[in-house]
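Just below is one structure, and these are the notes that go with it.
For ligands, and for the atoms within them, numbers begin at 1 and follow the listed sequence.
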Amino acid sequence: MCAAKKGDLSPSEKELFDVITTGNVQEASRLLGCKDVRVNCLDEYGMTPLMHAAYKGKADMCKLLLRHGADVNCNHHEHGYTALMFAGLSGKTDITWMMLDAGAETDVVNSVGRTAAQMAAFVGQHDCVTVINNFFSRARLDYYTKAQGLEKEPKLPPKLAGPLHKIIMSTNLNPVKMVLLVKENPLLASPSALDKCRRVMELICEKCMKQRDMNEVLAMKMHYISCVLAKCVSFLNERDDQLDGLVKSLLKGRDSDGFPVYQEKFIRECVRKFPYCDATLLQQLVRSIAPVSIGNDPTALSVLTQAITGQVGFMDAEFCTTCGDKGAQKRCSICKMVTYCGQACQKLHWFTHKKVCKKLEEQREEHQAQSNQVTEESEAVDEASESMKQLHVDANSQTASAHQ
Ligand SMILES: [Zn+2]
Ligand SMILES: [Zn+2]
């Protein structure tokens with residue numbers, strides 16, 4: 001679609017590039033209506049208006065250009081950069097998402113052999129890396145909602161595609177969160193529906209591993225989701241308390257420190273069961289997880305999350321102790337040692353947290369007392385050195401006056 005020659009611009013096209021820089025969407029819209037403006041025209045470096053808008057982080061401008069038929073996969077840039085690469089470099093997750101949603105290819109490499117995700121990682125835009133690595137278009141999932149070849153019915157009933165896609169797109173891999181997502185949608189609440197979803201996840205996992213441009217990250221994610229769904233099916237079949245029992249099992253902490261042992265073992269088992277033993281990612285995960293004794297850092301969840309979403313410093317921000325959602329603000333009012341995204345999550349966790357809450361509170365108080373003592377001591381030291389200085393000054397002034 002990029003038949004335009006580099007740098008061969010009409011006056012209005014030149015104007016369009018200027019307008020993109022200033023961010024005047026209205027004016028850009030007017031220019032795009034002109035006869036002598038091609039939406040995929042190229043500047044002297046082979047950059048399209050969309051590339052410019054993405055690089056400058058102008059979301060509204062990107063939207064406008066895409067609406068006017070901008071080719072998201074145009075690849076005439078002198079160094080092989082795509083609009084998705086520019087979006088990743090800009091650090092804007094919404095624009096990165098927009099490019100992907102418009103059909104941007106993720107495996108194209110530039111002249112130094114880097115993909116968009118690698119470029120974004122290279123400049124430290126980790127949120128964009130997360131978005132790229134976890135993107136799985138609805139269209140790719142919808143393929144399974146149509147009967148293929150001799151099939152009488154599709155592998156995935158069309159009504160399940162929406163809720164399943166929501167689970168696939170989640171960058172929070174906490175199994176509690178996934179079970180809650182399953183629970184919140186009545187369409188997914190039956191073992192047979194979940195089993196269909198699980199099988200589709202396995203098929204996609206296989207496809208990711210066998211396609212020419214193998215995608216181990218996405219394969220691992222699909223496999224992991226299929227494991228969580230399989231667990232849901234087994235709980236739905238065997239237990240009366242539906243998925244609440246599974247959530248409880250995943251949250252239950254051990255007596256000594258409240259560490260959720262079942263959850264840790266479950267995630268380790270999921271990783272181990274990845275069907276492609278030779279995969280580099282699998283070996284890397286096993287190497288990081290296997291030597292850690294249960295209860296120590298890093299947890300299997302943090303290792304898996306980092307490998308799949310590219311999130312670094314996973315533990316820096318406040319995460320909900322129950323579901324793992326980012327930006328949790330509520331603290332347990334007694335121990336102040338655990339955080340939650342809201343009351344629902346705090347309630348879910350209380351059955352197990354109450355056993356260690358008191359202990360955590362004592363630990364915190366002890367810790368605080370210790371650090372207070374340290375401050376007092378250092379203040380005392382400060383006072384001492386202050387009076388030493390004073391003595392010194394006095395002595396000096398005495399000597400000075402003695403000399404006079
Ligand atoms: Zn939560
Ligand atoms: Zn507490």
Notebook entry, point to check: Which angle, to 10 degrees, forms at the Zn ion (ligand 1) with SG of C341 on one side and SG of C323 on the other?
Noted result: 110°
Next item on the list: Can you tell me, to 10 degrees, how wide the angle at the Zn ion (ligand 1) is between SG on C320 and SG on C345?
Entry: 110°
Next item on the list: Could you tell me which residues satisfy ring-ring contact (aromatic ring centres under 6.0 Å, His included) with F135, sequence neighbours excluded, listed by chain and number?
Entry: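 Here the qualifying residues are W97.
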Next item on the list: Assess whether salt bridge (charged side-chain N to carboxylate O under 4.0 Å, His left out) is satisfied between R199 and E202, documenting all intermediate values.
Entry: CA-CA 5 Å; R199 261 180 298 163; E202 278 170 8; over 6 Å; no
Before accepting this row, confirm whether a basic side-chain N of the pair [X]/[Y] lies closer than 4.0 Å to the acidic partner's carboxylate O.
X: K326; Y: E318; value: no
X: R138; Y: D101; value: no
X: E184; Y: K166; value: yes

Item checked: Parallel, tilted or perpendicular: ring planes of F235 versus Y262, cut at 30 and 60 degrees ->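 Perpendicular, since the angle between the ring planes exceeds 60°.
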Margin query: Quiz question: by atom type and distance under 3.5 Å, do the side chains of N40 and D71 form a donor-acceptor pair?
Written below: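 Per modelled atom types, N40 and D71 side chains form no pair under 3.5 Å.
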Check: Under 2.8 Å from the Zn ion (ligand 2), which protein atoms of type N, O or S occur, listed by chain and number?
Finding: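 Result, waters dropped: C332 SG, C335 SG, H353 NE2, C357 SG.
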